[in-house]
Asks: 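Here you go, one structure.
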Amino acid sequence: MSRTLRTSPTTGTEVKSPGRWLALSVLVLAVLLVAVDATVLGLATPALSEDLKPSGAQLLWIGDIYSFVIAGLLVSMGSLGDRIGRKKLLLIGATAFGAVSVLNAYATSPEMMIVARALLGVAGATLMPSTLALIRNIFHDPKERSLAIGIWGATASAGAAVGPVVGGALLQHFWWGSVFLINLPVMAALVLVGIKLLPESRNPVAGPWDLVSVGLSLVGVIGVVYAIKELASHGPTWEVGASAAIGAAALYAFVRRQHTLTAPLLDMRLFKHRGFSGAVLADLLTVFGLSGLVFFLSQFLQLVQGRDPLEAGLAELPAAIGAVATGLVAGRYARRFSVRGIVAGGLGAIGLALAVITLVHQDTGYPLLGAALLVVGLGAGFSFTVTADVILSSVPKEQAGSASAVSETAYELGAALGIALLGSIVTGVYRGFTAPAGVPADAAAAAHESLGGAVEVSAGLAPETATSLVSAAQKAFVDGLNIAAGVGAAVLLATAVAAWFLLKGQKLEDGVEH
């Protein structure tokens with residue numbers, strides 16, 4: 001096992017070892033694994049839709065079930081890592097993630113794909129909180145930790161860029177399932193190198209893992225998120241009411257139980273720290289505002305503007321480049337200026353960029369879209385890096401797993417809600433378009449399910465009718481995308497204002513821990 005710190009026999013103080021940076025290189029492989037998987041799905045959606053022929057609802061489930069399951073399990077897995085060891089949980093999760101990726105690649109029906117994505121969520125829930133918690137325990141110098149978190153975040157952004165480019169190249173020559181198989185070499189490297197380099201860490205007084213709390217957390221989060229998704233898609237029904245009631249009751253019971261346990265799954269006192277709560281809320285709302293746009297962007301680039309998968313992947317690069325650039329310097333700037341200034345400024349920049357997306361139409365040139373994506377990346381690099389630093393710095397290192405899990409839950413819950421609500425806006429507006437005269441009823445029904453379906457059925461129609469159908473479908477899709485971007489912009493600008501007040505007086509640490 002690699003030691004990142006050793007104790008001087010003469011002074012008794014902790015001496016830094018170069019091994020901590022080697023350990024970080026292993027942790028960022030796990031981040032790369034999750035980021036690549038999240039982005040290649042959007043790129044593969046058109047080909048997947050053509051092959052598996054999911055309905056509009058099934059397509060949304062394929063997109064968001066991964067986030068639903070992760071959101072429901074992150075707190076439980078973060079707490080489990082605190083108990084059994086973060087390294088052990090990370091390596092187990094990485095192995096499972098690679099194995100389930102094969103199941104995703106060879107799914108033969110929409111239902112099988114949804115189940116495979118759910119299982120991938122179970123494995124993914126072990127990875128992200130483990131990586132952040134290990135960073136918290138490996139880097140005792142706050143300035144070094146800020147840089148490590150910046151590298152961690154920059155790798156996630158780089159993965160978001162590498163995923164579409166590599167995935168696009170694969171889709172040029174192989175079937176859509178190949179995009180999931182790129183997880184395997186990353187997983188293998190992580191496990192083989194991580195066994196040697198990663199130090200183990202755990203909470204020595206964490207107590208037993210409460211399975212009742214695990215169940216309440218899972219049922220609560222999934223129940224509430226499912227209710228919101230169904231409400232946005234189909235309006236109020238008894239199923240929506242029942243799901244919301246069950247989810248809310250489970251979350252209430254979870255919170256009450258944590259207050260009574262001597263070793264809670266999640267220490268609710270963490271939320272009394274204003275910086276911690278403010279950073280978590282900012283993350284949740286930011287991802288909410290961004291996720292719907294990100295999910296549908298690849299479809300816009302491919303099915304509306306006619307780019308091939310590799311071109312679509314390259315077109316999304318500016319966002320990742322911007323996030324990498326600012327993520328590496330975010331901690332330094334937050335110390336030089338202010339935490340709230342950097343976070344609020346970053347969020348405001350994202351909001352303005354999303355406002356620009358409301359002006360996009362079928363024939364919009366790439367310079368406008370590329371500039372907007374670059375600004376989104378710059379703002380995200382600043383805000384997400386600093387909020388992650390605030391969250392980790394707000395808690396004792398023994399609770400790093402739980403704190404990291406809360407942070408990641410905010411990301412995943414925001415993503416799930418964003419895809420559900422903003423995605424439902426896009427879908428709802430899209431389904432409202434009028435099919436041209438001459439389109440058979442069954443073809444019109446298939447075209448209204450998804451833009452991919454419209455493109456597919458148009459191949460069997462007369463050229464003039466096909467062109468009219470695809471044009472109407474594309475316009476409806478872009479109209480929905482514009483509205484969703486407008487909602488996202490409003491959410492981001494409001495979050496920027498809230499962050500300015502919630503993070504008032506918050507500072508990043510400067511002194512070295514001992």
Asks: Could you walk me through whether R117 and L120 satisfy the side chain to side chain contact (heavy atoms under 4.5 Å, CB included) test, starting with their C-alpha distance in whole Å, then the side-chain angles of each, then the deciding distance to 0.1 Å, before giving a yes or no?
Replies: CA-CA 5 Å; R117 293 289 292 169; L120 201 65; 3.7 Å; yes
Asks: Can you tell me how far CD1 of I62 sits from OG of S49, rounded to the nearest 0.5 angstrom?
Replies: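 Here the interatomic distance stands at 7.0 Å.
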Asks: Say you draw a straight line from CG of L73 to CG of L80; how long is it, rounded to the nearest 0.5 Å?
Replies: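 Rounded to the nearest 0.5 Å, the CG-CG separation comes out at 10.5 Å.
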Asks: Donor-acceptor pair, Y430 side chain versus G480 backbone, under 3.5 Å?
Replies: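 Answer holds: no.
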Asks: For G341 and S338, which heavy atoms make the closest approach, and how far apart are they?
Replies: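 For G341 and S338, the tightest heavy-atom pair comes out as N-OG, 2.9 Å.
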Asks: Under a 3.5 Å distance rule, please check whether Q305 uses its side chain to pair with a backbone N or O of T364 as donor and acceptor.
Replies: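 Yes, because the side chain of Q305 sits within donor-acceptor range (under 3.5 Å) of the backbone of T364.
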Asks: Looking at S277 and F271, would you say the former's side chain and the latter's main chain have a donor-acceptor pair under 3.5 Å?
Replies: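 Confirmed, S277 side chain pairs with F271 backbone.
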Asks: Could you please spell out the steps behind the side chain to side chain contact (heavy atoms under 4.5 Å, CB included) verdict for D283 and T286?
Replies: CA-CA 5 Å; D283 285 348; T286 303; 5.6 Å; no
Asks: Please determine whether side chain to side chain contact (heavy atoms under 4.5 Å, CB included) holds for the pair T385 and Y333, giving the CA-CA distance in whole Å, both sets of side-chain angles, and the decisive distance to 0.1 Å.
Replies: CA-CA 11 Å; T385 303; Y333 280 31; over 6 Å; no
Asks: Answer yes or no: is there a side-chain heavy-atom contact under 4.5 Å between L369 and I357?
Replies: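 In contact.
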Asks: The test is side chain to side chain contact (heavy atoms under 4.5 Å, CB included); show your working for V287 and F384 and say whether it passes.
Replies: CA-CA 10 Å; V287 176; F384 284 138; 3.7 Å; yes
Asks: So do the side chains of I350 and V375 get within less than 4.5 Å of each other, counting heavy atoms only?
Replies: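 Contact flag for I350/V375 side chains = no.
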Asks: Could you measure the distance from the CZ atom of R335 to the OG atom of S146? Nearest 0.5 Å is fine.
Replies: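 Output value for this atom pair is 3.5 Å.
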Asks: Do T95 and L190 have side chains that approach each other closer than 4.5 Å (heavy atoms only, starting at C-beta)?
Replies: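 A side-chain contact under 4.5 Å is absent here.
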Asks: Going from CG on L184 to CZ on F97, what distance comes out if it is rounded to the nearest 0.5 angstrom?
Replies: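 Reported to 0.5 Å precision, the distance equals 10.5 Å.
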Asks: I need the minimum non-hydrogen distance between L347 and A499, along with the two atoms involved.
Replies: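 What the structure gives for the nearest pair is CD1-CB, 4.1 Å.
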Asks: Closest approach of G379 and A349, non-hydrogen atoms and distance?
Replies: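 Of all heavy-atom pairs spanning G379 and A349, the closest is CA-CB, 4.4 Å.
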Asks: Is W152 close to I135 at the side-chain level, that is, under 4.5 Å between some pair of heavy atoms?
Replies: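 Yes. Closest side-chain heavy atoms under 4.5 Å.
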Asks: Are the side chains of T495 and F288 in contact, using a 4.5 Å heavy-atom criterion?
Replies: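 Sidechains of T495 and F288: no contact.
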Asks: To the nearest 0.5 angstrom, please state how far the CG atom of L147 sits from the CG atom of L24.
Replies: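 If we round to the nearest 0.5 Å, L147:CG and L24:CG are 8.0 Å apart.
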Asks: Between T326 (side chain only) and L378 (backbone N and O only), is there a donor and an acceptor less than 3.5 Å apart?
Replies: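 Checked: pair present.
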Asks: Taking everything shown except F501 itself, do over 12 heavy atoms lie less than 6.0 Å from its CZ?
Replies: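 Not buried by this count: 12 neighbours or fewer within 6.0 Å.
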Asks: Where is the tightest heavy-atom contact between A94 and V191, given as atom of each residue plus distance?
Replies: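 What the structure gives for the nearest pair is CB-CG2, 4.0 Å.
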Asks: Any sub-3.5 Å donor-acceptor pair from R145's side-chain atoms to F139's backbone N or O?
Replies: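 Yes, the answer is positive, given that a donor and an acceptor are paired below the 3.5 Å cut-off.
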Asks: Measure the OG1-CD1 distance between T387 and I342 for me, rounded to the nearest 0.5 Å.
Replies: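 Between atom OG1 of T387 and atom CD1 of I342 there are 12.5 Å.
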Asks: Quick check: do L314 and E311 have side-chain heavy atoms less than 4.5 Å from each other?
Replies: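 No, side chains not in contact.
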Asks: R86 versus L89: any side-chain heavy-atom pair under 4.5 Å?
Replies: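 R86 does not reach L89 side chain to side chain.
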Asks: Is the backbone N or O of V304 less than 3.5 Å from a side-chain atom of Q362, with the two atoms forming a donor-acceptor pair by type?
Replies: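 Such a contact is absent between Q362 side chain and V304 backbone.
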Asks: Would you name the heavy atoms of A485 and L354 that are closest together and state the gap between them?
Replies: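 Taking A485 first and L354 second, the nearest heavy atoms are CB-O, 3.7 Å.
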Asks: Nearest heavy-atom pair of G381 and A330: which atoms, and what distance?
Replies: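 The answer is O-CB, 4.0 Å.
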Asks: More than 12 non-hydrogen atoms from neighbouring residues, nucleotides or ligands closer than 6.0 Å to CZ on F174, yes or no?
Replies: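 Not buried by this count: 12 neighbours or fewer within 6.0 Å.
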Asks: Any sub-3.5 Å donor-acceptor pair from N482's side-chain atoms to L359's backbone N or O?
Replies: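 No; judged by distance alone, with no hydrogens or angles, the pair does not exist.
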Asks: If we only count heavy atoms from C-beta on, is the L90 to L127 side-chain gap below 4.5 Å?
Replies: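 The answer is yes, as the side chains (C-beta and beyond) meet within the 4.5 Å cut-off.
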